[in-house]
Structure formats: C-alpha cells, structure tokens
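Down below is the structure, laid out as structure tokens.
Counting from 1, the numbers follow the sequence of the chain as shown. Everything numeric here is computed off the predicted structure, so don't read it as measured data.
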Amino acid sequence: MGLKKATTSLEEVIEKAGGCAVVDGGFATQLERHGAAINDPLWSAVCLIKDPDLIKRVHLEYLEAGADILVTSSYQATIPGFLSRGLSIEEGELLLKKSVKLAVEARNSFWDALKVTPEHQYNRALVAASIGSYGAYLADGSEYSGCYGPQVNVDKLKDFHRRRLQVLVEAGPDLLAFETIPNKLEAQACVELLEEENIQIPSWICFTSVDGENAPSQESFKECLDIINKSNKIHAVGINCAPPHLIQSLICKFKELTNKAIVVYPNSGEIWDGKAKRWLPAKSFDDNNFECFATSWRDAGAKLIGGCCRTTPSTVQVISKALKGNSC
C-alpha cells in the first residue's frame, strides 16, 4: 500500500525537541479520571463508540502538557473486537480511522491556536497510530507473559494485524506504534508485515519486560532486536508499560544491541492483573520521580520518553520540563 512518508519525520521531531522528544502518557488512566467506564474488552477504545469527544479532550490535555507525540486510542481496537460487540466490519474500520482522525484534529486545532502566540515553546506533534499486541486483544494478560500457545504462529499474527494496519495507515497518521510486544514471534510478524505492505511511514516497536532482562516470553532482547535491526521500516525500538525502576538498565542494554532510536514510556510501577482486571499494590513512582528519571534516561541514550498506564498529563508535563531545559 505504501502511502507517502510523513511530512515531518520522527528524526526531525527528536531534533526539534533538543535531542529527546516527549511521548504522551496513560490514555485509559486519563479517560477514567474524567469518569469514563472502560472496564471492557475494548478498554480505552470503547470511548471511540461511547465518547469520542472525551478522547479528543485527553489528546489536547497531553498536548498542553508538552507531548511531541500523540498515541492514538486504538491500542485495543481491533476488527475482531468490534465484531464481538455486534458491529460490522465496515463500522469497525470506521472506528479505527476515527482514532487517528481524533488525534489529528486535536493536534491541528492545538497547533492552529498557537499561531497567535509565536513565542510558545511547543513543537508540532506527530500522531502515532497505536497497534496493540495480540495479547492486548485477548485481554487475558498474555501481553505480559508472551504465552500465546502452540497454535499461534507468525502467519496467524500477521493475519490478525494486517487489516488493522492497512486501515490505520489509510487514515493518515505520521507513524505507527506497535506496543507491549511480548515475544520474538510477534516482533517478527510486525517486521514482515511492514515489508509485505510496503509501509512508508516510520514505525516503532516497543516490548514490555517483567524482569528487566528479557522479553516477557523469556526470550533475550538480543534475539528480538536481531530481527528488528534488519528492517529499515522500524525507526525506533524500546520498552513500554514496564515499571520505571527497570528502564535505565534496559536502555543501556538496548544501546548495545541496536543503532535505532530508543523509546521508553513506562507505567507508574503498579502491576496489572490481566485476569482479575485490576491494579495490584506495588511500589509506584510519582511525578517528581519521573522528572529525575527523564533526564537520567535521556543521558543513558533514550531519544523518546513518555508514560504509559497510571501516568497522567502532569507526569508528561514534568518530563517535558525536565527534557527541555529544567533538570532535577
């Protein structure tokens, strides 16, 4: 399909941000803070059906906080998931496109409003279309174990992701964000799919990690990154939704394994129980911790830094301030 390249590249945004760009934060977290009920197999994507205006509002809040990259609300939005809700394939595809449209509209309206204040310090944000892992669709916590079972192979994973990828690219995002990938198999499927579909916009692939050493599947990150390093479609690689105290060592590990830009956006440190569908008590980190983490992660080599589950616009604001001039 190969649609045209982004007018502003990922590398340009990193450069304009001073060498380290800011990714937004927890989307479902902020929806819930506004009263959204998202205890649903579609998770935050249920708001594409129920409250799209709230999605746009959350995007704007992250832009105000200083995000250089907005990640769309499509993480758990899949055509099979929409079908299970009684929607048609066409309706599901329209909702996927809406996830990009809402983010683009928020970005454009925010940027247009800034034109009257030329002294502002914001960058024109990029929109990254979120593509959650197969485990996210299963909604059983397997994105944190990598255990998909013997019946799942590369072809099945490519078939699962293909139409969603096509629809999201057609909607016109600036880049693609494959998120919480738990194993080498799915990383390989994503890389092969980008080649087969001749995708021309940049992508990143983010794994998660439970132990700070390996992918959740217990495969080494060297095995996983050896596959990604062969692809010129992947512009960045990293970690999302892992606890913050694991990130520093993972950046150092990734620096040894790849020349691609490193992206990190951890959760708050709390642990998600995928079966019980609740957050478990654990050591969590507040915004002040993230202010200091951000400069440390940047100095270790990260080029894109943000937050994932249980982080908020205030988290992103302190990250942005830390990376754009105010160190802790």
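- Considering Val23, Ile251, Ile247, Leu323 in turn, Leu323 is the only one that fulfils the side-chain contact (heavy atoms from CB on, under 4.5 Å) rule with Ile305.
- The aromatic rings of Phe160 and Tyr137 are tilted relative to each other, their planes meeting at an angle between 30° and 60°.
- Counting heavy atoms from C-beta on, the side chains of Thr311 and Thr29 never come closer than 4.5 Å.
- Salt bridge absent: Lys321 and Glu291 never bring a charged side-chain N and a carboxylate O closer than 4.0 Å.
- Residues Tyr75 and Phe27 place their aromatic rings such that the two centres sit no closer than 6.0 Å.
- Using a distance-only test at 3.5 Å, with no hydrogens or angles considered, no donor-acceptor pair links the side chain of Ser73 to the main chain of Ser99.
- Between the side chains of His34 and Glu61, a donor-acceptor pair is found at a separation under 3.5 Å.
- In this model, no donor atom of one side chain and acceptor atom of the other lie less than 3.5 Å apart for Ser314 and Gln317.
- Formation of a donor-acceptor pair under 3.5 Å by the Asn240 side chain with backbone atoms of Glu179 is not found in this model.
- Between Leu225 atom CG and Glu256 atom CD the span is 11.5 Å, to the nearest 0.5 Å.
- Between the side chains of Ser217 and Glu219, at least one donor-acceptor pair of N or O atoms lies under 3.5 Å.
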>> Walk me through whether Phe293 and Phe285 qualify under ring pair (Phe, Tyr, Trp, His ring centres under 6.0 Å).
In response: CA-CA 10 Å; Phe293 283 147; Phe285 298 86; 5.4 Å; yes
